[in-house]
Protein chains: 2
Amino acid sequence: MPADRPTIADVAQRAGVSKGLVSFALNGRPGVSPQTRDRILEAARDLGWQPSVRARALSVNRAFALGLVITRDPEIVTGDPFYPSFIAGVERELAPAGQALVLSVVPDEEAELAAYRKLVADRRVDGVFLTDLRHDDARIELARELNVPAVTLGHPETSSPFPAVSMDDRAGIEAAVEHLVRLGHRRIAHVAGPARMLHGSRRRRAFEEAMARAGLRAEMVVETDFRAADGARATRDLLARPNYPTAIVYANDPMAIAGLGVAQRAGLRVPDELSITGFDGSDVGEHIFPALSTVATDAVSWGAVAARVLLRSIAGEQPGDTDLPAARFVPRESTTRSPEPNPRADV
Amino acid sequence: MPADRPTIADVAQRAGVSKGLVSFALNGRPGVSPQTRDRILEAARDLGWQPSVRARALSVNRAFALGLVITRDPEIVTGDPFYPSFIAGVERELAPAGQALVLSVVPDEEAELAAYRKLVADRRVDGVFLTDLRHDDARIELARELNVPAVTLGHPETSSPFPAVSMDDRAGIEAAVEHLVRLGHRRIAHVAGPARMLHGSRRRRAFEEAMARAGLRAEMVVETDFRAADGARATRDLLARPNYPTAIVYANDPMAIAGLGVAQRAGLRVPDELSITGFDGSDVGEHIFPALSTVATDAVSWGAVAARVLLRSIAGEQPGDTDLPAARFVPRESTTRSPEPNPRADV
DNA sequence: GACGGCGACTAAACCGGTATAGGCTTCAGC
DNA sequence: GCTGAAGCCTATACCGGTTTAGTCGCCGTC
C-alpha cells in the first residue's frame with residue numbers, strides 16, 4: 001500500500017519543528033533561521049511534499065484559478081479561430097503562476113450570466129475574463145455586484161470598474177477599406193457581425209467612417225451572426241442587388257471564405273470581378289485560392305496580456321487599461337483593382 | 001458593509017441545531033426528523049446559503065472538477081474544429097453535475113505530461129480526459145501511476161485500465177473511398193495525419209484497406225501534421241507526380257480546403273479534374289465552392305459521453321467501453337466521376 | 001423498575017494548509 | 001544584574017465543510 005501523500009505535518013515532524021514554522025519556511029517568510037529553513041526544505045524534498053491547493057484555497061480564501069465563459073452555439077464555435085489562440089495565450093501566463101483556467105461553454109446569454117454566478121458562488125475562480133463585449137453588457141454589472149475581479153477584452157461602452165485590454169480592430173478595417181479604395185473600388189459592401197456585439201458594431205462603424213473619409217456612401221452593410229452560413233447568405237443578398245458591390249469587407253474569415261464560395265458558385269472571378277477581405281486570420285485563409293486578404297489580430301498575446309492584467313488585479317494592484325498593437329491589414333490575393341472604370345483621379 | 005456569505009454555522013445557529021445536523025439535512029441523509037429538516041432547509045434558503053466547494057473539496061478529498069489537456073502548437077490549434085465542439089459536449093454534462101472543467105493548453109508532449117502531473121499533484125481534478133491518443137502513449141501509464149481516473153477517446157493500443165469512448169472513423173474513410181471508387185477513380189491519394197497519432201494511422205490504414213478491397217494500390221499517401229499548410233504542401237507534391245491522383249482523401253477539413261486552394265491555383269477544376277474529401281466537418285467546408293464532401297463526426301456527443309463515463313468512473317463504477325455511432329460520409333460537391341476512362345465494369 | 005434499542009441530535013475531530021498570539025533565548029544597554 | 005527588544009519558534013485558532021463517537025430521551029419489553 002503506497003503511503004498517503006505527505007502533509008505539512010509530516011514535514012514538520014521529520015524536521016522536528018512545528019507546522020507553522022514549516023509554512024513560514026516554505027513560503028519564504030522571515031523569522032526562520034537559515035539552518036532550520038534548510039532542514040525544513042530538505043525534509044520536504046525527502047518526503048516529496050507538495051502543497052495542497054485545496055487546503056491553501058480554503059485557508060487563504062483564494063481559488064488560484066481564473067474563469068472564462070464562452071457563449072456560443074455549439075455549432076458556431078467550430079471554425080472560430082479566436083478562442084483557441086486566446087486560451088493558448090492565457091495559459092502561457094497562468095501555468096508559471098500556478099493558476100488554472102476554469103472553462104465554461106454555454107449556449108446563450110442567459111446561461112452565460114448563470115455560469116458567471118455559479119463560478120463565483122462556488123468560489124471556483126478569483127477573477128473572470130469578459131470577452132465578446134456587448135452593448136449594455138449585463139456581465140459588467142454582474143461582476144461588480146459579485147465583487148469579482150475582471151478584465152474586459154476591449155473597452156465597454158458603459159463605465160466599468162475593470163481594466164480593459166484592447167486591440168484596435170478599427171485600424172485593420174480602415175486599412176482594408178483604404179486599400180480597396182486605392183484599387184479603385186467605389187461600391188464596397190460590409191458583412192458585419194451582430195450589432196449587439198461591441199466589436200461587431202465597432203468594425204461596422206470603422207467601415208462606415210473609412211468609407212465616408214473616402215467620399216463614399218456605406219449603403220451596403222449586412223448584419224450577421226458571424227457564422228459561415230450567414231456570410232454565404234449575406235453574399236448572395238449583396239450580389240443579387242442591382243448595384244452589387246465590387247468589393248466586400250467581411251467581419252471574420254469564415255464568412256469571407258463562405259462568401260468566396262458563393263461568388264465562385266455564381267461564376268464571379270475573385271478577385272478580378274469581386275475583391276474580398278476577411279478578419280482574424282485563420283490559417284486556412286492563407287491557403288485557399290485566391291489567398292484571403294485579411295486583418296491579422298494577435299489573439300495569443302491578447303490572451304497573455306489579459307491574463308497578466310487579471311492576475312495583477314487579483315493581487316490588489318489597479319492595473320490601467322492596456323492597448324495592444326493595432327490589428328494589421330494583410331493584403332493577399334483576394335483583393336485587386338476594381339473591374340469598373342474609375343471616375344476618380346487615382347494615385 | 002455587506003455581510004459575509006453565510007456558512008453552515010450560520011445556518012445551524014438560525015435553525016437552532018448543530019453544524020453536523022445541517023450537513024446531514026442538506027445532503028439528504030437519514031437521521032434528521034422531517035420538521036427539523038424543513039426548518040434547516042428554510043434557514044438555509046432564508047440566508048441564501050451556498051455550499052463552499054473549497055471546503056467540501058478539502059473535507060471529502062474531491063476536486064469536483066475534470067481536467068482536459070490540449071497539446072497543440074498555438075498556431076495549429078486555430079481552425080481545428082474538434083475541440084470546441086468536444087468541450088461544448090463535455091460542458092453539457094458537467095454543468096448539471098456541479099463539476100467544472102479545468103483546461104490546460106500546452107505546446108508539446110513533454111509539457112503535456114507535466115500538465116497532467118501538475119493537475120493531479122495540485123489535486124485540481126478528479127479525473128482526466130485522454131484525447132488524441134498516440135502509439136505507446138505515455139499518458140496511460142502516467143495516469144495509472146498517478147492513480148487518477150481517466151477516459152480515453154478511442155481504444156489505445158497498449159492495454160489500458162481506463163474505459164474508452166470510441167467513434168469508428170474507419171467507416172467514414174472507407175465510405176469515402178468506396179464512393180470515389182464507384183465514381184470510377186483508381187488513382188486515389190490520401191493526405192494522412194501524423195503516424196504517431198492513433199487516429200492518424202488508423203485513418204490511413206482504413207484508407208489502405210479500403211483501397212485493397214477495391215483492388216487498388218494505395219501508393220500515394222503523404223503524412224502530415226494536420227495543418228492547413230501541410231495539406232497544401234502535400235497536395236502540391238501529389239499533383240506534381242507523373243501519376244498524379246484523380247482524387248484525394250484528406251484526414252481533416254482544413255487540409256482539404258487548403259488542398260482545394262492548391263488545385264484551383266494549379267488550374268485544375270474541382271471536382272471535374274480532381275475530387276477531394278475532408279474529415280470532421282467544419283461548417284466552413286459546407287460553404288466553399290465546391291462544397292466539401294467530408295466525414296461528419298459528432299464531437300459534441302463524443303464530449304458528452306466521455307464526460308459521463310468519466311464521472312461514473314470517479315463515482316467508483318467500472319463503466320465499460322462505449323462505441324458511438326460511426327462517423328458518416330457526407331457527399332457534397334467536391335467529388336464526382338473520375339475524369340479518366342474507367343477500365344473497370346461500373347455499376 | 002431495570003434494561004435494551006432506536007431515532008434525533010450534539011460535540012468534536014478532521015481535511016491541510018495559513019495566521020496570530022505568545023513564549024523562550026540571547027544579547028545589548030544602562 | 002536587570003530590562004527591553006529582537007529573533008526564533010510553538011501552540012492554537014481558523015477557513016467551511018464532513019464524519020464519527022457519543023449523549024439524551026423515549027418507547028417497548030420482561
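- The number of heavy-atom neighbours closer than 6.0 Å to CG of Asp136(A), taken from other residues, nucleotides and ligands shown, is 12 or below.
- Remark: Gly31(B), Val32(B), Ser33(B), Thr36(B) in residues 30-41 of chain B come within less than 4.0 Å of DNA chain C through at least one heavy atom.
- Evaluation of the side-chain hydrogen bond (donor to acceptor under 3.5 Å, both in side chains) rule for Ser52(A) yields no partner, not counting sequence neighbours.
- Take Lys118(B) and apply the salt bridge (charged side-chain N to carboxylate O under 4.0 Å, His left out) test, not counting sequence neighbours, and it matches Asp122(B).
- Taking Thr297(A) as the reference, Asp280(A) meet the side-chain hydrogen bond (donor to acceptor under 3.5 Å, both in side chains) condition, with sequence neighbours excluded.
- The backbone N or O of Ala164(A) sits less than 3.5 Å from a side-chain atom of Asp321(A), completing a donor-acceptor pair.
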Exercise answer: donor-acceptor pairs, residues 302-317 of chain A side-chain atoms, under 3.5 Å, sequence neighbours excluded:
residue, atom, partner, partner atom, Å
Trp302(A), NE1, Val165(A), O, 3.0
Arg308(A), NH1, Glu93(A), OE2, 2.9
Arg312(A), NE, Glu317(A), OE1, 3.0
Arg312(A), NH2, Glu317(A), OE1, 3.4
Ser313(A), OG, Val309(A), O, 3.4

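- Of the possible polar contacts, one joining the Arg5(A) side chain to the Ala121(B) backbone as a donor-acceptor pair under 3.5 Å is found.
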Let me have the donor-acceptor pairs involving side chains of residues 138-145 of chain A, under 3.5 Å, with sequence neighbours excluded, atom names and distances please.
residue, atom, partner, partner atom, Å
Arg139(A), NE, Asp137(A), OD1, 2.9
Arg139(A), NE, Asp137(A), OD2, 3.4
Arg139(A), NH1, Glu112(A), OE2, 3.2
Arg139(A), NH1, Thr131(A), O, 2.9
Arg139(A), NH2, Thr131(A), O, 2.9
Arg139(A), NH2, Asp132(A), O, 3.1
Arg139(A), NH2, Asp137(A), OD2, 2.7
Glu141(A), OE1, Arg144(A), NE, 3.1
Glu141(A), OE1, Arg144(A), NH2, 3.4

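- Of the possible polar contacts, one joining the Arg54(B) side chain to the Arg123(A) backbone as a donor-acceptor pair under 3.5 Å is found.
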Nucleotide N/O of nucleotides 18-21 of chain D paired with protein N/O under 3.5 Å:
residue, atom, partner, partner atom, Å
dT18(D), OP1, Asn27(B), ND2, 3.2
dT18(D), OP2, Ser23(B), OG, 2.6
dT18(D), O4', Ser59(B), OG, 3.0
dT19(D), OP2, Arg29(B), NH1, 2.8

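- Applying the salt bridge (Lys or Arg N to Asp or Glu O under 4.0 Å) test to residues at least two apart or on different chains, the pairs with a partner in residues 38-49 of chain B are Arg14(B)-Asp46(B).
- Per the geometry, CD belonging to Gln50(B) stands 10 Å off P belonging to dG17(D), to the nearest Å.
- For dG16(D), neither phosphate oxygen OP1 nor OP2 lies less than 4.0 angstrom from any side-chain nitrogen or oxygen of Thr7(B).
- Residue pairs meeting the salt bridge (Lys or Arg N to Asp or Glu O under 4.0 Å) criterion with at least one member in residues 94-110 of chain B, sequence neighbours excluded: Glu109(B)-Arg134(B), Glu109(B)-Arg196(B).
- Helix-axis bend for the helix from dG1(C)-dC30(D) to dC30(C)-dG1(D): the local axis fitted to the five terminal pairs at one end deviates from that at the other end by 70°, rounded to 10°.
- Applying the ring-ring contact (aromatic ring centres under 6.0 Å, His included) test to Phe129(B) and every residue at least two apart in sequence or in another chain returns Phe86(B).
- You can see that DNA chain C meets the heavy atoms of chain A within a 4.0 Å-exclusive cut from dG16(C) to dT20(C), reading 5' to 3'.
- In this structure, Arg62(A) atom CZ and dG16(D) atom C1' are separated by 18 Å, rounded to whole Å.
- Side-chain contact between Glu91(A) and Ser104(B) is present, with at least one heavy-atom pair separated by less than 4.5 Å.
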